[in-house]
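What you see below is based on every heavy atom in this structure, not just the backbone, and it leaves out hydrogens, waters and symmetry mates. Reminder, nothing fancy here: chain letters follow the sequence lines and each chain counts from 1.
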Amino acid sequence: MTAVEKMEKLANVKSGVTPELEKLYHDTDNCVRCGRCTAVCPTYKATRKEMMSARGRVHLARKYLEGSLGVSKTFKLYNDLCLGCGACLEVCPPKIKTDELVGLIKQDIFGKQGHSLDEMMMLKSCSYPQSFRWIVKMIDLNKQLGLVHLLPPELKAKANMFPPAPDKTLRDLVKGVELTRGGGRTKVGYYPGCLTQSLYPDVGMAVVEVLINHGYDVVIPPETVCCGLPHKEGGEHSEHRRLAGKNIEFFASQGVDYIVTNCGTCTHALKEYGHIFTHDPAMADKAGEFAAKTRDIMDFLTEVAGLKAGPRSLGGIKVTYHDSCHLSRRLGVVKQPRKLLAALPGLTFEEMPKANWCCGAAGSYSFKHPATARQILEQKMANVAATGAQVVTAGCPSCLMQLDYGKREFGVDCLVKHPVQLLADTFYN
Amino acid sequence: MTSSMIGEIINAIGKDKVLTEKEELACYSYDCSTYKHEPELVVLAHSTADIVAVMKTAHKGKVPVVPRGSATNLCGATVPLKGGIVLDILSMNKIIEIDRENLTVTCQPGVITADLQNAVEKEGLFFPPDPQAMNMSTIGGNVAQDAGGPRGVKYGVMHNYVLGLETVLADGSVLRTGGKTTKDVSGYNLTQILVGSEGALGIFTEVTLKLIPKPEAKRTLVCAFDNLHDASRTVTKIIDHKIVPSMLELLDKTSVNLIQSYVDSGYPTDAAGVLLIEVDGSPSEVDKQIILVSELCKECNAREIKVAQTTEEADAIWVGRRSGFAALSAYKPTVVAEDAVVPRDRLPEMVAKIQEIADKYGMLLPTFGHAGDGNVHPHICFDPRDEKETAKVPFIKDEIYHAALSLGGSISGEHGIGIAKKHLVPLQHSELNLGIMRGIKAVFDPDNILNPGKAI
């Protein structure tokens, strides 16, 4: 028998596979298993297990789509353990979109089995801003009362990931602010996102102040809802569209020229709105217009607003920056935050090693898989510590939360901030 | 494997180091070759003691064991062809000691090759072997495959650097061979027998490697030729002038075009052949050499010579070469990197022969490789869903190696035999040679449980 005869014959997809998945399956024909992804995959680096690399995930996906693997607990788990950070795509020779492939397989499984109680509660709480805020408050109350010590270790770790809940939400804080004192040059709509609303109102206030200082009128529609990304990823497409529709209407009624966010994930989600109303042309047009107006705040400031920093020096602090996956890989916002930080008086910028490696937050990943997320975070915090920076910055509240947890968990002596907070500091007296 | 054997291993080393789910086993069925076979158990070894425990059980039950690092080899060396246990060594990834006075580094087998290189370079030292998967591959895997790379022309390959090994044998006993000395003529050189043994003689648990001082300076040039013959005869011309470049790589037109469309490396896409040359040494030596090399290229009708003026320019040139395999895999679903080596002076004939084979079968055989040491990699790129194309592959492959052997070469320069070339081994080695090899295998592994079905 010659060597080639021992080669496995290629199979094909089983019946009932969606056209999107079938296309991605055929793309994976080109995986030569070179292993380049193993050098950049955060979950593989943390665990050193083949199933935790893109190469392994592609192999599992093929077997699932061919029908030789079914939906088991293990299969579900390894798919769920993909961060979706997209690092593998950057080095993959045939450009196999493993993150997309895994995302669609997860949706396929949800379609067959529905969501677990945890997942369902998470999605429900994201659908309604009040319930999200309520959960945050409850966790905080439990921590204050010391009740978390009574929880099983895994739940306790989850509770500890949350930073202390601030007394006031962004909506409370913004009430006394004159939003139109910017001079009325242009109307900028601000979409704060759930985490900023509830946990990082200071970041939101910094965004507002900075926009006003750049001469813009700021509009914050009173009732924006979740961007819908958790629902999209959970395969809840009609809920995704419902939320998107609400956000689009809220801003349309305000007649804004731009829509900015301070969250890489939200920006990515809002920019995707243009593609989700395929069966509703009227809505699709509005959504397209909405998406085109949407920018990340740092991108907006450096590329549209003509960034100007305030006069106050930051006193010679050393600052580093962590790239959020959505900002850097999906939106290409890489140079802008560095440009912004470099423009601040009294600030020295120090690039950290592997700045664009995922921190392990990845939406709800850190809560669903605390052990793996912790291993990934440990590597990130070591890289933060290596810079000796007093402040680590990131452009996504989910990353801020994870870095803040990492700082406490691994004893790294630094502050965690959004770059816009530092910019705002240069304006204050 | 019986469940009691699995239980015995779990009892000895702990449950968290053992993978048994079918999804997990599936992920240890492959490497960078085209072959697949699932193991019955995967063990993630964290120590020599773990490996000893596994081997004791495997030895008793005559269960096949395949050691595995990053599984980036191209010949099927880590595919568990007969099932059994895949023994993963990735968690044994500590650099134990960099010894600046003896110029050695001692490490565990799971250290990533590039990590080791970076660590020793921080000390002003240099570990030259540079297999092109070095960002992913492990030292243990590289020793087992006797891997090499472009720097082989001047600095040699893995076996030139392995001084000492700790190896767990098939029965679980621990063998120590060699050490930190660069000279050692007591008894047979068991260390060197183990290098390149593809996991069939033992499992490495500690490796001591020779280091050299890091060259102070290096310079890179790219030159283009209108025909491959001129490009390949430039190689011998340079060596004949007593210059041994630190890298001397040849790329044919197809490879250049595929690489350029994958990553812009500044290669001229209309040339029939391109040479990438790096010289290293002291700054003054390097400047002299690069001028002489440019002149020699001109004498051999080079059409265009570009000397990199900055480190960034030089890096870009080498990134292209390192992306070679990747660029081809973006072109066709399956890429089989062949690996023939001939005496350096026969290189022009070998290159011509590959071209003839490509024409005969009507397929592109993008060829690049370490021309400086006579090692070329013609790549068979095909679509396994295309039956006609696939049917040609074994014939092309065999013709390439018949050609290499007829020119006094070998069927593998640096990729190894594994499954891919097992059938070709008797063409290169006499029954006498093979008998000795089988005898060695029988001494190390009488029950044939270590990576069975491969190599010889």
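- With a 6.0 Å radius and a threshold of 12 heavy atoms from other residues, nucleotides or ligands, B:Lys388 has its NZ atom at or below the threshold.
- You'll find the side chain of B:Cys27 reaches within 4.5 Å of the side chain of A:Leu60, heavy atoms only.
- Taking the side chain as every heavy atom from C-beta outward, A:Phe75 and B:Glu21 never approach each other to under 4.5 Å.
- Scanning both residues, B:Arg322 and A:Arg36, for their nearest heavy atoms gives O-NH2, 3.0 Å.
- At most 12 heavy atoms of other shown residues, nucleotides or ligands fall within 6.0 angstrom of atom NZ in A:Lys335.
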Assess whether side-chain hydrogen bond (donor to acceptor under 3.5 Å, both in side chains) is satisfied between B:Glu23 and A:Ser72, documenting all intermediate values.
CA-CA 9 Å; B:Glu23 292 82 1; A:Ser72 65; 2.5 Å; yes
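- Among residues 100-108 of chain A, no residue has any heavy atom closer than 4.5 Å to a heavy atom of chain B.
- Note that SG of B:Cys32 is 7.5 Å distant from CZ of A:Arg55, once rounded to the nearest 0.5 Å.
- The part of B:Ile112 that comes within reach of chain A is its side chain, from C-beta onward, which places non-hydrogen atoms under 4.5 angstrom from that chain.
- For a residue to count as touching a neighbouring chain, one of its non-hydrogen atoms must lie under 4.5 Å from one of that chain's; by this rule B:Leu90 touches chain A with backbone and side chain alike.
- The shortest side-chain heavy-atom distance between A:Leu69 and B:Lys22 falls under the 4.5 Å cut-off.
- Side-chain N or O atoms of B:Arg385 include one that pairs as donor or acceptor with a backbone N or O of A:Ala11 at under 3.5 Å.
- For residues 67-75 of chain B, heavy-atom neighbours of chain A at less than 4.5 Å comprise B:Arg68, B:Ser70, B:Ala71, B:Thr72, sorted by residue number.
- A salt bridge is defined here as a Lys NZ or Arg NE, NH1 or NH2 lying under 4.0 Å from an Asp or Glu carboxylate O, and B:Asp31 with A:Arg33 fails to meet this definition.
- For NZ of A:Lys97, the number of neighbouring non-hydrogen atoms (other residues, nucleotides, ligands) closer than 6.0 Å is 12 at most.
- Of the atoms belonging to A:Arg57, not a single heavy atom falls under 4.5 Å from chain B.
- Between B:Phe325 and A:Cys34 the shortest heavy-atom distance is CE2-CB, 4.2 Å.
- Across every non-hydrogen atom of A:Pro94 and B:Ser329, the tightest pair is CB-O, 4.0 Å.
- Contacts with chain B (heavy atom to heavy atom, under 4.5 Å) involve these residues of residues 38-53 of chain A, listed by number: A:Thr38, A:Ala39, A:Tyr44, A:Lys45, A:Arg48, A:Lys49, A:Glu50, A:Met51.
- The minimum heavy-atom distance linking A:Val32 with B:Val335 is given by the pair CG1-N, 4.1 Å.
- Within residues 15-28 of chain A, the residues approaching chain B closer than 4.5 Å by heavy atoms are, in numerical order, A:Tyr25, A:His26.
- Proximity to chain A (any heavy atom under 4.5 Å) is shown, for B:Ala133, by neither the backbone nor the side chain.
- In this structure, chain B has a heavy atom under 4.5 Å from the backbone of A:Cys92, while its side chain stays farther away.
- Of the atoms belonging to B:Ser137, not a single heavy atom falls under 4.5 Å from chain A.
- Residue A:Gln113 qualifies as enclosed at atom CD: its count of foreign heavy atoms under 6.0 Å is above 12.
- For B:Met136 against A:Gly35, the heavy-atom pair with the smallest separation is CG-O, 3.0 Å.
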